[in-house]
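The structure appears below as structure tokens.
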Amino acid sequence: GAVVSQHPSWVICKSGTSVKIECRSLDFQATTMFWYRQFPKQSLMLMATSNEGSKATYEQGVEKDKFLINHASLTLSTLTVTSAHPEDSSFYICSASSGNPSNNEQFFGPGTRLTVL
Amino acid sequence: AQRVTQPEKLLSVFKGAPVELKCNYSYSGSPELFWYVQYSRQRLQLLLRHISRESIKGFTADLNKGETSFHLKKPFAQEEDSAMYYCALTAGTALIFGKGTTLSVSS
């Protein structure tokens with residue numbers, strides 16, 4: 001089956017610093033990647049949708065200057081949390097889709113836990 | 001507005017008992033509905049989708065457009081079914097998730 005990886009799996013940083021999270025599709029080309037945020041014991045909230053080679057589409061209420069998304073290749077998307085603050089601490093999950101209209105299944109990464117001190 | 005509602009945070013049943021995880025949705029077009037499952041310490045994975053009309057691990061779900069529901073059912077729960085279950089709806093390519101229901105199956 002399709003595999004999506006995320007790196008790092010866990011990161012702790014100081015307030016004010018920036019953190020980059022990588023999402024890779026290991027065995028398929030992902031034309032579309034999605035970034036979600038999950039608070040403890042809550043559902044996944046879609047942050048943005050990114051298509052390879054184009055700008056990401058952000059959901060309402062998500063600051064695009066705060067959460068920079070780059071989808072430079074068909075196998076890699078990155079999420080950079082800029083000037084992180086404690087309220088940005090969360091579990092960030094990416095998913096990837098091949099974009100095949102007959103099978104638009106999303107494959108999820110294992111998530112990255114961000115803790116901002 | 002597009003919304004997925006899972007009214008139960010937690011559902012506890014005994015092994016062998018029937019299970020029904022409720023999901024209701026609101027969507028103005030023709031939705032595609034999914035159930036995702038997350039076992040302990042594992043990533044989210046697709047359990048089933050309504051267009052497939054198949055049974056996975058004994059689970060089935062029928063889309064009821066009249067009641068705007070997509071409840072997940074299994075006649076006899078197993079302990080290995082204990083997990084977090086998310087109902088989701090697709091609006092184009094993006095998935096809208098419900099808040100999830102934790103299913104706990106005990107012997």
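Chain letters run A, B, ... following the sequence lines, proteins first and then strands; every chain starts at 1. The basis for the numbers below is simple: all heavy atoms, side chains too, and nothing from hydrogens, waters or symmetry mates.
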> Counting only heavy atoms not in A/Lys55, do more than 12 sit closer than 6.0 Å to its NZ atom?
Replying inline: no

>> Are B/Ile56 and B/Trp35 linked, directly or through intermediate hydrophobic residues, by side-chain heavy-atom contacts shorter than 4.5 Å (ILVMFWY only)?
In response: yes

> Cluster question for you: counting only ILVMFWY and a side-chain heavy-atom cut-off of under 4.5 Å, with indirect links fine, are B/Val105 and B/Phe59 together?
Replying inline: yes

>> I'd like to check the salt bridge (charged side-chain N to carboxylate O under 4.0 Å, His left out) partners of A/Glu59; sequence neighbours left out, ordered by chain and number.
In response: none

> Do A/Ser43 side-chain atoms and B/Gly100 backbone N/O form a donor-acceptor pair below 3.5 Å?
Replying inline: no

> To the nearest 0.5 Å, how far apart are OH in B/Tyr36 and CD in A/Gln106?
Replying inline: 5.0 Å

> Hey, does the side chain of B/Arg43 reach the backbone of A/Ile93 with a donor-acceptor pair shorter than 3.5 angstrom?
Replying inline: no

> Hey, quick one: are A/Leu46 and A/Phe67 part of the same hydrophobic cluster, counting side-chain heavy atoms closer than 4.5 Å, chains of contacts allowed?
Replying inline: no

> Same cluster or not: are B/Tyr39 and B/Leu11 linked, directly or through other Ile, Leu, Val, Met, Phe, Trp or Tyr residues, by side-chain heavy atoms under 4.5 angstrom apart?
Replying inline: yes

> Closest approach of A/Phe108 and B/Leu44, non-hydrogen atoms and distance?
Replying inline: CB-O, 3.5 Å

>> According to disulfide (SG to SG under 2.5 Å), does anything in residues 41-83 of chain B pair up with another residue at least two apart or in another chain? List the pairs.
In response: none

> How far does CG of B/Leu95 sit from OG of A/Ser97, to the nearest 0.5 angstrom?
Replying inline: 9.0 Å

> Hey, which residues of residues 109-117 of chain A are touching chain B, say heavy atoms under 4.5 Å apart?
Replying inline: A/Gly109, A/Pro110

> Are more than 12 heavy atoms from other residues, nucleotides or ligands located less than 6.0 Å from atom NE2 of A/His7?
Replying inline: no

> What parts of residues 75-86 of chain B touch chain A if we use heavy atoms and a cut-off under 4.5 Å?
Replying inline: B/Tyr86

> Tell me, side chain or backbone of A/Leu44 under 4.5 Å from chain B's heavy atoms, or both, or neither?
Replying inline: both

> Do A/Val62 and A/Ile69 share a hydrophobic cluster (ILVMFWY, side-chain heavy atoms under 4.5 Å, transitive)?
Replying inline: yes

> So which part of B/Glu32 gets closer than 4.5 Å to some heavy atom of chain A, the side chain, the backbone, both or neither?
Replying inline: side chain

